[in-house]
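This report concerns only the one structure given below.
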Amino acid sequence: MPYIPLEDHLPGITGLLEYRKDTAEPIRELTQFLLRGPSSLTEGERELIATIVSYGNECRFCTAAHTAAADVLLGECDTTVKIKENISTAPVSEKMKVLLTIASQVQKSGKAVTHASIEKAKAVGATDIEIHDTVLIAALFCLYNRYVDGLSTVTPTDPSFYKGLAERISKGYHRLPQGYDHLQKK
(Lines give C-alpha, C1' and ligand atoms only; values in the text may rest on other atoms or scores of the structure.)
Protein backbone atom coordinates (compact mmCIF):
# COMPACT_ATOMS: atom_id res chain seq x y z
CA MET A 1 0.00 0.00 0.00
CA PRO A 2 1.56 3.32 -1.06
CA TYR A 3 2.37 5.79 1.69
CA ILE A 4 0.77 8.64 -0.25
CA PRO A 5 -2.34 8.60 -2.45
CA LEU A 6 -1.38 7.40 -5.94
CA GLU A 7 -3.51 6.35 -8.89
CA ASP A 8 -4.40 2.67 -8.49
CA HIS A 9 -3.86 1.94 -12.19
CA LEU A 10 -0.28 3.30 -12.16
CA PRO A 11 2.05 1.02 -10.23
CA GLY A 12 5.71 1.64 -9.55
CA ILE A 13 7.45 4.69 -10.87
CA THR A 14 4.65 5.69 -13.24
CA GLY A 15 2.32 6.57 -10.38
CA LEU A 16 5.01 8.68 -8.75
CA LEU A 17 5.88 10.47 -11.98
CA GLU A 18 2.21 11.27 -12.55
CA TYR A 19 1.85 12.45 -8.95
CA ARG A 20 4.52 15.15 -9.49
CA LYS A 21 4.64 15.88 -13.21
CA ASP A 22 6.81 18.92 -12.55
CA THR A 23 9.61 16.88 -10.98
CA ALA A 24 8.97 13.98 -13.36
CA GLU A 25 9.81 15.99 -16.47
CA PRO A 26 13.55 16.48 -15.81
CA ILE A 27 13.90 12.94 -14.44
CA ARG A 28 12.28 11.48 -17.57
CA GLU A 29 14.43 13.71 -19.78
CA LEU A 30 17.64 12.54 -18.11
CA THR A 31 16.54 8.90 -18.26
CA GLN A 32 15.61 9.22 -21.94
CA PHE A 33 18.97 10.77 -22.76
CA LEU A 34 21.02 8.24 -20.78
CA LEU A 35 19.15 5.08 -21.78
CA ARG A 36 17.90 5.90 -25.28
CA GLY A 37 20.12 8.74 -26.46
CA PRO A 38 23.30 8.49 -28.52
CA SER A 39 25.86 6.15 -26.95
CA SER A 40 28.48 3.60 -27.85
CA LEU A 41 26.68 1.29 -25.38
CA THR A 42 23.59 -0.32 -26.85
CA GLU A 43 20.19 0.40 -25.35
CA GLY A 44 20.13 -3.21 -24.16
CA GLU A 45 23.48 -2.81 -22.42
CA ARG A 46 22.27 0.34 -20.69
CA GLU A 47 19.15 -1.52 -19.53
CA LEU A 48 21.46 -4.20 -18.10
CA ILE A 49 23.04 -1.50 -15.95
CA ALA A 50 19.59 -0.44 -14.72
CA THR A 51 18.77 -4.10 -14.08
CA ILE A 52 21.88 -4.95 -12.07
CA VAL A 53 21.57 -1.83 -9.89
CA SER A 54 17.85 -2.39 -9.24
CA TYR A 55 18.53 -6.05 -8.48
CA GLY A 56 21.31 -5.11 -6.03
CA ASN A 57 18.97 -2.63 -4.35
CA GLU A 58 16.28 -5.32 -4.10
CA CYS A 59 13.76 -3.06 -5.82
CA ARG A 60 11.31 -5.62 -7.15
CA PHE A 61 9.41 -3.21 -9.41
CA CYS A 62 12.49 -1.72 -11.11
CA THR A 63 14.25 -5.09 -11.36
CA ALA A 64 11.26 -6.66 -13.11
CA ALA A 65 10.69 -3.63 -15.36
CA HIS A 66 14.29 -3.25 -16.52
CA THR A 67 14.91 -6.97 -16.80
CA ALA A 68 11.92 -7.13 -19.14
CA ALA A 69 13.11 -4.06 -21.09
CA ALA A 70 16.62 -5.50 -21.45
CA ASP A 71 15.13 -8.80 -22.63
CA VAL A 72 13.09 -6.98 -25.31
CA LEU A 73 16.05 -4.91 -26.48
CA LEU A 74 18.48 -7.85 -26.45
CA GLY A 75 15.96 -10.16 -28.09
CA GLU A 76 16.51 -12.90 -25.50
CA CYS A 77 16.06 -13.59 -21.79
CA ASP A 78 19.23 -15.46 -20.80
CA THR A 79 21.59 -12.52 -20.33
CA THR A 80 19.53 -10.80 -17.63
CA VAL A 81 19.28 -14.05 -15.68
CA LYS A 82 23.02 -14.65 -15.96
CA ILE A 83 24.14 -11.14 -14.94
CA LYS A 84 22.05 -11.44 -11.77
CA GLU A 85 23.61 -14.84 -11.03
CA ASN A 86 27.23 -13.85 -11.64
CA ILE A 87 28.49 -10.93 -13.69
CA SER A 88 31.88 -12.54 -14.30
CA THR A 89 30.37 -15.56 -16.09
CA ALA A 90 27.51 -13.75 -17.84
CA PRO A 91 27.33 -13.86 -21.66
CA VAL A 92 28.41 -10.25 -22.16
CA SER A 93 31.66 -8.69 -23.36
CA GLU A 94 34.57 -8.22 -20.99
CA LYS A 95 33.94 -4.48 -21.17
CA MET A 96 30.30 -4.95 -20.08
CA LYS A 97 31.37 -7.26 -17.25
CA VAL A 98 33.63 -4.53 -15.90
CA LEU A 99 31.02 -1.78 -16.43
CA LEU A 100 28.35 -3.88 -14.70
CA THR A 101 30.77 -4.43 -11.83
CA ILE A 102 31.31 -0.68 -11.57
CA ALA A 103 27.53 -0.17 -11.63
CA SER A 104 27.24 -2.68 -8.77
CA GLN A 105 29.88 -0.77 -6.85
CA VAL A 106 27.96 2.48 -7.33
CA GLN A 107 24.82 0.68 -6.10
CA LYS A 108 26.62 -0.05 -2.82
CA SER A 109 28.22 3.41 -2.54
CA GLY A 110 29.90 5.88 -4.83
CA LYS A 111 32.98 5.42 -2.70
CA ALA A 112 32.95 1.68 -3.49
CA VAL A 113 34.16 2.48 -7.02
CA THR A 114 37.92 2.06 -7.00
CA HIS A 115 40.77 3.37 -9.10
CA ALA A 116 41.52 -0.27 -9.96
CA SER A 117 37.98 -0.77 -11.30
CA ILE A 118 38.29 2.27 -13.54
CA GLU A 119 41.71 1.19 -14.79
CA LYS A 120 40.36 -2.30 -15.51
CA ALA A 121 37.49 -0.77 -17.50
CA LYS A 122 39.92 1.30 -19.55
CA ALA A 123 42.14 -1.75 -20.08
CA VAL A 124 39.24 -3.66 -21.69
CA GLY A 125 38.36 -0.74 -23.96
CA ALA A 126 35.78 1.28 -22.01
CA THR A 127 35.88 4.94 -22.91
CA ASP A 128 35.74 7.73 -20.38
CA ILE A 129 32.20 8.57 -21.49
CA GLU A 130 31.10 4.92 -21.10
CA ILE A 131 32.52 4.89 -17.59
CA HIS A 132 30.87 8.23 -16.83
CA ASP A 133 27.51 7.12 -18.19
CA THR A 134 27.67 3.79 -16.35
CA VAL A 135 28.19 5.60 -13.05
CA LEU A 136 25.45 8.13 -13.83
CA ILE A 137 22.94 5.45 -14.91
CA ALA A 138 23.74 3.47 -11.76
CA ALA A 139 23.28 6.55 -9.57
CA LEU A 140 20.03 7.44 -11.36
CA PHE A 141 18.64 3.98 -10.74
CA CYS A 142 19.60 4.17 -7.08
CA LEU A 143 17.39 7.28 -7.02
CA TYR A 144 14.56 5.46 -8.82
CA ASN A 145 14.83 2.39 -6.58
CA ARG A 146 14.71 4.47 -3.42
CA TYR A 147 11.89 6.62 -4.82
CA VAL A 148 9.74 3.56 -5.69
CA ASP A 149 10.44 1.66 -2.47
CA GLY A 150 10.61 4.71 -0.22
CA LEU A 151 6.98 5.54 -1.03
CA SER A 152 5.92 1.88 -1.11
CA THR A 153 4.45 1.96 -4.60
CA VAL A 154 2.39 -0.92 -5.91
CA THR A 155 4.48 -3.74 -7.40
CA PRO A 156 2.50 -5.99 -9.74
CA THR A 157 3.28 -9.70 -9.51
CA ASP A 158 1.88 -10.65 -12.94
CA PRO A 159 4.79 -11.04 -15.42
CA SER A 160 2.52 -9.93 -18.28
CA PHE A 161 2.39 -6.44 -16.73
CA TYR A 162 6.17 -6.11 -17.11
CA LYS A 163 6.11 -7.43 -20.68
CA GLY A 164 3.69 -4.65 -21.62
CA LEU A 165 5.71 -2.08 -19.71
CA ALA A 166 8.91 -3.28 -21.40
CA GLU A 167 7.39 -2.83 -24.84
CA ARG A 168 6.50 0.74 -23.90
CA ILE A 169 9.82 1.75 -22.30
CA SER A 170 11.90 0.01 -24.96
CA LYS A 171 10.61 2.79 -27.23
CA GLY A 172 11.49 5.55 -24.77
CA TYR A 173 10.98 7.12 -21.37
CA HIS A 174 8.77 10.01 -22.39
CA ARG A 175 5.34 10.45 -20.84
CA LEU A 176 2.65 9.12 -23.14
CA PRO A 177 1.08 12.13 -24.90
CA GLN A 178 -2.41 10.93 -23.99
CA GLY A 179 -1.45 10.17 -20.38
CA TYR A 180 -2.30 6.89 -18.70
CA ASP A 181 -6.06 6.90 -18.21
CA HIS A 182 -6.37 4.14 -20.81
CA LEU A 183 -4.64 1.78 -18.34
CA GLN A 184 -7.54 2.02 -15.90
CA LYS A 185 -9.58 -1.13 -15.57
CA LYS A 186 -13.08 -0.53 -16.85
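Note that these values count all heavy atoms, side chains included, but never hydrogens, waters or copies made by symmetry.
Between Val98 and Glu94, the closest side-chain pair of non-hydrogen atoms is not below 4.5 Å. Contact check for Lys122 versus Asp128: side-chain heavy atoms found under the 4.5 Å cut-off. Using a 4.5 Å heavy-atom threshold, the side chains of Thr42 and Arg46 count as separate. In this structure the side chain of His174 reaches within 4.5 angstrom of the side chain of Gln32, judged on heavy atoms. Counting heavy atoms from C-beta outward, Glu130 and Asp133 have side chains that stay 4.5 Å or more apart. The side-chain heavy atoms of Thr153 and Ile13, taken from C-beta on, include no pair separated by under 4.5 Å. Side-chain contact between Glu47 and Leu35: present, with at least one pair of heavy atoms (C-beta onward) separated by less than 4.5 Å.
Residue Ile129 places its CD1 atom among 12 or fewer non-hydrogen atoms of other residues, nucleotides or ligands, all under 6.0 Å distant. Atom OH of Tyr55 sits in a sparse spot, with 12 or fewer heavy atoms from other residues, nucleotides or ligands closer than 6.0 Å. Within 6.0 Å of atom CG in Asp8, 12 or fewer heavy atoms from other residues, nucleotides or ligands are found, so the atom counts as exposed in its surroundings. Annotation: Glu58, atom CD; neighbour count of heavy atoms from other residues, nucleotides and ligands within 6.0 Å does not exceed 12. For NZ of Lys120, the number of neighbouring non-hydrogen atoms (other residues, nucleotides, ligands) closer than 6.0 Å is 12 at most. Annotation: Tyr19, atom OH; neighbour count of heavy atoms from other residues, nucleotides and ligands within 6.0 Å does not exceed 12.
Note on Leu10 and Leu17: separate hydrophobic clusters, where clusters join Ile, Leu, Val, Met, Phe, Trp and Tyr whose side-chain heavy atoms are under 4.5 Å apart, directly or indirectly. Tracing side-chain contacts under 4.5 Å through hydrophobic residues (I, L, V, M, F, W, Y), one reaches Ile52 starting from Leu136; they form part of the same cluster. Residues Ile118 and Val124 share a single hydrophobic cluster, defined by chaining ILVMFWY side chains whose heavy atoms lie under 4.5 Å apart. By the criterion of side-chain heavy atoms lying less than 4.5 angstrom apart, applied directly or through intervening Ile, Leu, Val, Met, Phe, Trp or Tyr residues, Val72 is not grouped with Leu41; the two fall into different hydrophobic clusters. The hydrophobic clustering, which links ILVMFWY residues whose side-chain heavy atoms are closer than 4.5 Å, places Leu48 and Ile131 together.
Here the CD-CG distance, from Glu43 to Leu34, works out to 12.0 Å after rounding to the nearest 0.5 Å. Note that CD of Gln107 and SG of Cys59 are 11.0 Å apart. Values are rounded to the nearest 0.5 Å. Between the CD1 atom in Ile102 and the CE atom in Met96 there is a gap of 10.0 Å [rounded to 0.5 Å]. Rounding to the nearest 0.5 Å gives a distance of 9.5 Å between CG of Asp71 and CG of Leu73. In this structure, CG on Leu143 lies 5.5 Å from CD1 on Ile27, to the nearest 0.5 angstrom. For the atom pair CG (Leu16) and CD (Glu7), the distance works out to 12.0 Å, reported to the nearest 0.5 Å.
Shortest non-hydrogen contact noted between Thr134 and Leu99 is CG2-O, 3.3 Å. Residue Arg28 comes nearest to Glu18 through the heavy atom pair NH2-OE2, 3.8 Å, listed as atom of the first residue, atom of the second, then distance. Heavy-atom minimum distance, Ala65 versus Tyr162: N-CD2, 3.6 Å. When every heavy atom of Val148 is checked against every heavy atom of Cys62, the shortest pair comes out as CG2-SG, 4.0 Å. For the residue pair Val154 and Phe61, the shortest heavy atom distance occurs at O-CD1, 4.1 Å. Between Ala70 and Gly44, the shortest heavy-atom distance links the atoms CB-O, 4.3 Å.
A salt bridge does not link Arg175 with Glu25: none of the charged nitrogens is closer than 4.0 Å to a carboxylate oxygen.
Between the side chains of Thr31 and Tyr144, at least one donor-acceptor pair of N or O atoms lies under 3.5 Å.
Between the Ser104 side chain and the Leu100 main chain, a donor and an acceptor come within less than 3.5 Å of each other. Formation of a donor-acceptor pair under 3.5 Å by the Arg36 side chain with backbone atoms of Ile169 is found in this model. With Thr80 contributing its side chain and Cys77 its backbone, the two residues share a donor-acceptor pair below 3.5 Å. The closest donor-acceptor contact from the side chain of Glu76 to the backbone of Asp78 lies under 3.5 Å. For Thr67 (side chain) and Thr63 (main-chain N/O), a donor-acceptor pair under 3.5 Å exists by modelled atom type. Distance alone, capped at 3.5 Å, places no donor-acceptor pair between the Lys82 side chain and the Pro91 backbone. At distances below 3.5 Å, at least one donor-acceptor pair connects side-chain atoms of Asp158 with backbone N or O atoms of Ser160. Listed for the Thr23 side chain is a donor-acceptor partner under 3.5 Å among the backbone atoms of Arg20. Lys171 places a side-chain N or O within 3.5 Å of a backbone atom of Glu167 that can act as its donor or acceptor partner. A donor-acceptor pair under 3.5 Å is formed between the side chain of Ser152 and the backbone N or O of Met1.
Using the six-membered ring where Trp is involved, Tyr173 and His66 have ring planes that are parallel, under 30° apart on the 30 and 60° scheme.
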